[in-house]
Amino acid sequence: MVAAMNVPTPIFGDEEMTERTHIQVREEEANLYASREDFDTICNEDLKELYQLSLLLTRDPAKAERCLVGGLEGCAKGNPVFLQWARSWAKRSIVQNAIRELNPRPSQSNSPLSGGIFPGIDQLSRGPGGHFEMDAVLRLEDFERFVFIMSVLEHYSEHDCALLLDCSAREIWEARTRALKELATSPHMEPSEHKLFVQEKK
């Protein structure tokens, strides 16, 4: 007769171990996503930058505040967003709210633009010293202003801009060209304390 081996009795049963593992996995997954507290932190740390974005898009303090608050609340209540994307997602939500608020549509131009009319456009994507004057940007037409802010200041691709603004990539390119041409010749491009700095793409 074989003597019974002394096998240690597990502290937790299989069912309890499975439950504890699931809880641990859920906790680890939760740490990957931005929480309401994370968006509150972003709001507190980046409030000035986020409000400036909203104000540039809407040109109206009341609308800017609505788009800012609605965008951040939408982030907190919407689908989970990875924590590392939370800041860019907050900006995107503000942009989407501003688009719904103003519904900017492409301008009808009598003279289609071509690369030959306005050469060197990429060199004009930044004003002197890497900035554009806020007053000059605010004087752009709605669609041109949205395209300029999204594509130049926020570095959205033409494809992404076209999806968000519900138009063609060519309309985005033409609006960006008009905006840059107008900014380059604007009398409001003189030195002022209201400068919009454009970060280089990394």
Enquirer: Answer yes or no: is there a side-chain heavy-atom contact under 4.5 Å between Leu164 and Arg92?
Expert: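 The answer is yes, as the side chains (C-beta and beyond) meet within the 4.5 Å cut-off.
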Enquirer: Ion pair present between Asp142 and Arg59, side-chain N to carboxylate O less than 4.0 angstrom?
Expert: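 Looking at Asp142 and Arg59, the cut-off is met.
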Enquirer: Step by step, work out the side-chain contact (heavy atoms from CB on, under 4.5 Å) result for Phe143 and Ile172.
Expert: CA-CA 9 Å; Phe143 188 75; Ile172 295 297; 4.1 Å; yes
Enquirer: Say you draw a straight line from CZ of Arg145 to CZ of Arg139; how long is it, rounded to the nearest 0.5 Å?
Expert: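 Rounded to the nearest 0.5 Å, the CZ-CZ separation comes out at 12.0 Å.
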Enquirer: Regarding Arg178 and Glu141, does a basic nitrogen lie under 4.0 Å from an acidic carboxylate oxygen?
Expert: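 The answer is no: the pair does not qualify as a salt bridge.
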Enquirer: Under the salt bridge (Lys or Arg N to Asp or Glu O under 4.0 Å) rule, what do Arg176 and Glu144 come out as? Steps first, then yes or no, please.
Expert: CA-CA 6 Å; Arg176 179 173 176 264; Glu144 282 72 17; over 6 Å; no
Enquirer: Would Leu138 end up clustered with Phe146 when hydrophobic side chains under 4.5 Å apart are linked, directly or stepwise?
Expert: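 Leu138 clusters together with Phe146.
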Enquirer: Determine whether a donor-acceptor pair (N or O, by modelled atom type, separation under 3.5 Å) exists between the side chain of Asp60 and the backbone of Lys63.
Expert: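 Yes, Asp60 side chain to Lys63 backbone: donor-acceptor pair under 3.5 Å.
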Enquirer: Should Leu72 and Leu47 be regarded as members of a common hydrophobic cluster, given that ILVMFWY residues are connected when their side-chain heavy atoms come within less than 4.5 Å of each other, either directly or indirectly?
Expert: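 Yes, one cluster joins them.
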Enquirer: List the steps and the verdict of side-chain contact (heavy atoms from CB on, under 4.5 Å) for Lys91 and Ser88.
Expert: CA-CA 5 Å; Lys91 287 187 174 184; Ser88 60; 5.7 Å; no
Enquirer: Locate the shortest heavy-atom distance separating Thr58 from Cys67; write the atom from each residue and the value.
Expert: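 Shortest heavy-atom contact: CG2-SG, 3.9 Å.
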Enquirer: Any chance you could measure Leu165, atom CG, to Gln96, atom CD, to the nearest 0.5 Å?
Expert: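 With rounding to 0.5 Å, CG (Leu165) is 10.5 Å from CD (Gln96).
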Enquirer: If you round to the nearest 0.5 Å, how far is SG of Cys167 from CZ of Arg105?
Expert: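 Going from CZ on Arg105 over to SG on Cys167, the span is 6.5 Å.
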Enquirer: Could you grab the distance from atom CD of Glu158 to atom OG of Ser151, nearest 0.5 Å is fine?
Expert: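 Going from CD on Glu158 over to OG on Ser151, the span is 7.5 Å.
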Enquirer: Compare all side-chain heavy atoms of Ile99 with those of Asn103 and state whether any distance is below 4.5 angstrom.
Expert: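 The answer is no; the side chains never approach within 4.5 Å.
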Enquirer: About how many Å separate CZ of Phe148 and CG of Leu56, when rounded to the nearest 0.5 Å?
Expert: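 Output value for this atom pair is 9.0 Å.
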Enquirer: Taking all atoms of both residues into account, what is the closest heavy-atom pair of Leu180 and Val152, and its distance?
Expert: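 Answer, listing the atom of Leu180 first, then Val152: CD2-CG2, 4.5 Å.
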Enquirer: Distance check, rounded to the nearest 0.5 Å: Ile149 atom CD1 versus Glu154 atom CD?
Expert: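 Going from the CD1 atom of Ile149 to the CD atom of Glu154 covers 8.5 Å.
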Enquirer: Start with the C-alpha distance between Gln52 and Leu153, add both sets of side-chain angles, then the distance that settles side-chain contact (heavy atoms from CB on, under 4.5 Å), and finish with yes or no.
Expert: CA-CA 12 Å; Gln52 177 178 273; Leu153 299 185; over 6 Å; no
Enquirer: Is it the case that the side chain of Ser54 and the backbone of Leu50 share a donor-acceptor pair, with hydrogens and angles ignored and the cut-off at 3.5 Å?
Expert: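 No; judged by distance alone, with no hydrogens or angles, the pair does not exist.
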Enquirer: State yes or no: do Ile94 and Val69 share one hydrophobic cluster built from I, L, V, M, F, W and Y residues joined by side-chain heavy-atom distances below 4.5 Å, directly or via other members?
Expert: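 Result: no, two separate clusters.
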Enquirer: Is a side-chain N or O of Glu171 found less than 3.5 angstrom from the main chain of Ser168, in a donor-acceptor match?
Expert: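 Yes: the side chain of Glu171 pairs with the backbone of Ser168.
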Enquirer: Between Leu140 and Val147, is the side-chain contact (heavy atoms from CB on, under 4.5 Å) condition met? List the steps.
Expert: CA-CA 10 Å; Leu140 294 171; Val147 170; over 6 Å; no
Enquirer: Evaluate Glu174 against Thr177 for side chain to side chain donor-acceptor pair (under 3.5 Å), listing each step before the verdict.
Expert: CA-CA 5 Å; Glu174 290 177 344; Thr177 302; over 6 Å; no
Enquirer: Testing the basics here: between Pro61 and Leu55, what is the closest heavy-atom pair and its distance to 0.1 Å?
Expert: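 Closest heavy-atom pair between Pro61 and Leu55: N-CD1, 3.8 Å.
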Enquirer: Crowded around Glu45 CD? As in, over 12 foreign heavy atoms under 6.0 Å?
Expert: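 Buried by this count: over 12 neighbours within 6.0 Å.
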